[in-house]
Structure formats: structure tokens, C-alpha cells
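First up is the structure itself, then whatever we jot down about it.
Order of listing sets the numbers, starting from 1, for every ligand and every atom in it.
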Amino acid sequence: MSEYLKENPTRDGMFGDFGGSFIPPELQAEMDKITDAYHTICKSHDFINELRSIRKHFQGRPTPVYFCRRLSEALGARLYLKREDLNHTGAHKLNHCMAEALLAKYMGKKRLIAETGAGQHGVALATAAAYFGLECEIHMGEVDIAKEHPNVVRMKILGAEVVPVSHGLKTLKEAVDSAFQSYLKDPVTTIYCIGSVVGPHPFPMLVRDFQRVVGIEAREQFLEMTEELPDNVVACVGGGSNAMGIFSAFLDDPCAIYGVEPAGRSYETGDHACTMKFGKPGIIHGFKCNLLQDDKGEPAPVYSVASGLDYPGVGPEHCLLGAKGRVNYVDANDTDTVDAFYRLSRMEGIIPALESAHAVAYAFKLAAEKPRQSILVNLSGRGDKDIDFVVDTYGLPQ
Ligand SMILES: *Cc1c(COP(=O)(O)O)cnc(C)c1O
């Protein structure tokens, strides 16, 4: 493991000035137990072997790295995709959900609890719970329940209990509050499973470590295919878990790295979620990060065409990597993202998730700026969940 990964986060969960833990004392005691258990269990051969076996036989890993032949010819650069869309359940999220659930099993927990926005994290966690025979409780705002019907049905089919949250704006933020309240009622038999590299320590570290498999595989596969390292590595950033997964393997290499945030409809109207570009240090959900804030310092309402990216905060490690200048944080707007969604579908036969299409859109731009270079994109998920929305909202291209 690189020196960087060993040194970050610090023992108290800091990534430079970011991260840490800002939560009530009763919750802190539980987080400390999870941290201790993780440090012990992640060195256990049984744990490592079981996780390896799950990744191979249940998730279908390693996922391939794919060379986009037709697009590369059209772009004048070499475009490669790490195919996390081919991971079981169609996105990278299962990488950390299976590992979090395995950790729960080793800690003797009986129940998994989490919030979900669009339902992607809820479905991945419900899948992990079914695999291990654990109970699963997913908190979801009533607005999101109405909007994301197929994922609600998926969770129920998988045996999870979906708890509707009916206060406030009835979306993700209230769902987090509700899930934490329920967790505090029974922290002994339950474990809280966060959906990205966010939240109080140890979650940003834990989720990054469980997602590292993406980068480790991709680096090896890319070297084997091309006998060199990629010139550029690109991933979309919501909370930032798929990005940390792939970036973590290339931090010590001479590669340019790009994290792509959603520029949404416009910078001016606030209809975006460019946290790294416009956020100021603040605290959300128990950790410190760059945060899009309103006049009162509360998390601002944010927007993206991809519901997996509209979060006003961002993982603390991204804040550190941005401050160090190691990763470039850039963005792609809705229009370019939808164009990329269709272009990848029609040129390569791969329908990307709208989240992932942000990374693809930026890669297209990069190809024009850096002709003949190689670009490795983490294709974090498949787009089946988005097809009706895209066609109804934007129509089919001519
Ligand atoms: C949830 C999701 C994301 C955003 O989450 P990160 O933690 O930023 O990776 C990206 N892509 C897909 C397909 C998702 O489901």
C-alpha cells in the first residue's frame, strides 16, 4: 500500500483539514466500535478470503477494462472504460455494500440500516442483506418513494423494509436523520451502512478501502492491455466513492486525474452540485468537507440530472486531494451529459448511468484537448434505471 494511503486518514479520521467526526457522544461510541472492529477484521484471513470469494462468485469480478474502438477513432484519443456497470446489480455500490454487510456479520450484527435517495444504495444494501440473511431497514423520503418506484419494488422483493419519511422536504437529508434516529434505538444488533465515502469516521476510510478493488483491478488490466499506464483517469463525483475506488490506485503514478461534478443546468441559478468548485468548508452528516451552503450556512438545495450526484457535500478525501492539487475537479453539465449518454450507447452499445455519463462527457472534452492520449474512465453503472426519464425528458436524438 502506498505511503499516502497509510497516512490518510489520520487516526482520528482527518484527511488534511477535512473529515473527522462531529456527532453526539452516544453515536461516537458506536463509531469507535466499528473502527476497532474494522482494524481487526480487515487483517483476518477468513474475512479477506470470504470477501474475495464473494467478489468473484457473486458479484462477477473482476469487471473488464474495455477499449472503445469506434469512439477512439472518432475522438482521436484512446478511450478505455472500467466496466463497473457489469458488477452485479449494475453499479459499483455493491463493492462496499457486500463488504459492509460482511463486516456486520463478523461483528455479530443482525440488522443493516441505511438511507437512500434515488434507491440505488438501498437496492445494493438490500441485496447484501439477502445474501447474508440479515434484516434490512431502508429509510427513504416520501418524495423519492413516489419518484423511484422500481427501486422501491426491488428493495421489497429483496426482503427489505422501506420506511417512508414524511417530514421536511421528504428527501435524502430527512431520510439520513430518520435512519440515524432508528439506529440509535438499537445500535447493539444493528449497523449503519453508509452509501459513499462520506459521514463520520470511519466511513470515508472504510468505503474507500472497500472500493479500492476497482482501481487495483483497472491498473493491472490497463498495464496488461497496453504495457503502459493511462495518461488520464476520469470518474464522476457525487459523494465520491467510485472516484476514490479508481483514483486510489493511481495517486503515486504520473497520471492526470479528473473528478467530474455535475454542473446541472447552470452555475448562476444554483441548479448544480459543483461542491469542489463553489463549496466552502462546513459540516454535514457528521463530517467536515467543502459544502454548498445557503446564506444561513445550512446545506444548500442542489440539483443534477443524475440523482446519484446531487449531494451538497463531498467526501473529505476529495477535499484533501483537491487542496493538494493531486486531483483536478472539473464538471459536465446536463446537456453534454445526455449527449454522452446517447453517443456511448450508439457508438459502443453501452448505455451508461447518467452519473457515469458525466465522466464520459468530460472524457470527450479531454480527448479534444489532449489528442492521441489514453483516457481511462470509471463507468460506475449502467443506465437501465434512466432510460424512460432520458427519452421522456430529452427525446431521442435525430
Ligand atoms: C450512486 C452512484 C454514483 C455516485 O456515488 P459516488 O459515491 O460519488 O460514486 C455514481 N454512479 C452510479 C452509477 C451510482 O449509482
Side-chain angles (χ1 to χ4, degrees), residues 63 81-97 100 114-127 144 148 150-151 154 172 193-199 203-215 233-248 258-262 273-276 285 287 289-290 302 304-319 321 327 329 331-332 337 340-341 344 350-362 377-387 389-390:
T63 58
L81 304 176
K82 175 61 172 166
R83 299 287 309 274
E84 288 306 292
D85 60 314
L86 295 177
N87 197 30
H88 179 43
T89 70
H92 71 289
K93 284 200 174 71
L94 201 64
N95 297 332
H96 66 253
C97 285
E100 282 177 321
E115 79 293 339
T116 194
Q120 296 299 107
H121 176 53
V123 169
L125 197 64
T127 301
D144 291 328
E148 308 289 346
N151 276 343
R154 277 186 195 106
L172 183 62
C193 293
I194 257 164
S196 187
V197 285
V198 298
F203 284 105
M205 168 184 74
L206 211 116
V207 172
R208 173 198 70 191
D209 289 353
F210 293 149
Q211 286 293 347
R212 279 181 55 213
V213 63
V214 175
V233 177
V234 183
C236 66
V237 176
S241 63
N242 87 88
M244 275 324 306
I246 195 156
F247 293 172
S248 55
Y258 298 89
V260 187
E261 294 194 305
C274 294
T275 311
M276 293 296 293
H285 298 144
F287 72 106
C289 65
N290 293 329
V302 289
S304 164
V305 70
S307 39
L309 300 182
D310 61 355
Y311 186 60
V314 65
E317 191 161 12
H318 290 288
C319 303
L321 291 170
V327 175
Y329 291 91
D331 48 77
T337 296
F341 173 92
L344 186 65
I350 298 169
I351 304 177
L354 277 174
E355 290 82 2
S356 325
H358 283 77
V360 177
Y362 191 79
V377 173
N378 192 14
L379 199 77
S380 55
R382 68 175 179 229
D384 304 48
K385 66 185 179 58
D386 299 315
I387 53 176
F389 170 79
V390 171

Q: Test Thr63 against every option in His88, Lys82, His92 by the side chain to side chain donor-acceptor pair (under 3.5 Å) rule and name the one that passes.
A: Lys82
Sub-3.5 Å N/O-N/O distance, [X] and ligand 1:
X	value
Gly239	yes
Ser196	yes
Lys93	yes
Gly195	no
Val197	no

Atom indices of ligand 1, in the order listed, that fall short of 4.0 Å to a heavy atom of [X]:
X	answer
Gly381	13 (C)
Ala353	13 (C)
Gly238	8 (O)

(Q) Using heavy atoms and a 4.0 Å limit, tell me yes or no: is His92 in contact with ligand 1? (A) yes
Q. Who's the nearest protein heavy-atom neighbour of atom 4 (C) of ligand 1, and how far?
A.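 Closest protein heavy atom to atom 4 (C) of ligand 1: Gly308 O, 3.4 Å.
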Q | Nearest-neighbour protein heavy atom for atom 12 (C) of ligand 1, which is reported as residue plus atom name and distance | A | Ser380 OG, 3.5 Å
Q. Relative to each other, are the rings of His318 and Phe247 parallel, tilted or perpendicular (30° and 60° limits)?
A. perpendicular
Q) Looking at SG of Cys193 and CD of Glu115, how far apart are the two atoms once the value is rounded to the nearest 0.5 Å? A)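 The distance works out to 10.0 Å.
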Q | Rounded distance [0.5 Å steps], CG in Asp331 versus CE in Met276 | A | 12.0 Å
Q: Please tell me if the side chains of Lys93 and Asn87 come closer than 4.5 Å, counting only heavy atoms from C-beta onward.
A: no
Q | Side chains of Cys319 and Val314 in contact at under 4.5 Å (non-hydrogen atoms) | A |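 Yes. Closest side-chain heavy atoms under 4.5 Å.
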Q: Write out all pairs satisfying side-chain hydrogen bond (donor to acceptor under 3.5 Å, both in side chains) with one or both partners inside residues 306-316, taking only residues at least two apart or from two chains.
A: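 Only His285-Tyr311 qualify under side-chain hydrogen bond (donor to acceptor under 3.5 Å, both in side chains).
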Q: Would you check if there is a donor-acceptor pair between the side chains of Glu84 and Asn95 at a distance under 3.5 Å?
A: yes
(Q) Heavy-atom distances under 4.0 Å decide this one: backbone, side chain, both or neither, for Ser241 against ligand 1? (A)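 For Ser241, backbone and side-chain atoms both sit under 4.0 Å from ligand 1.
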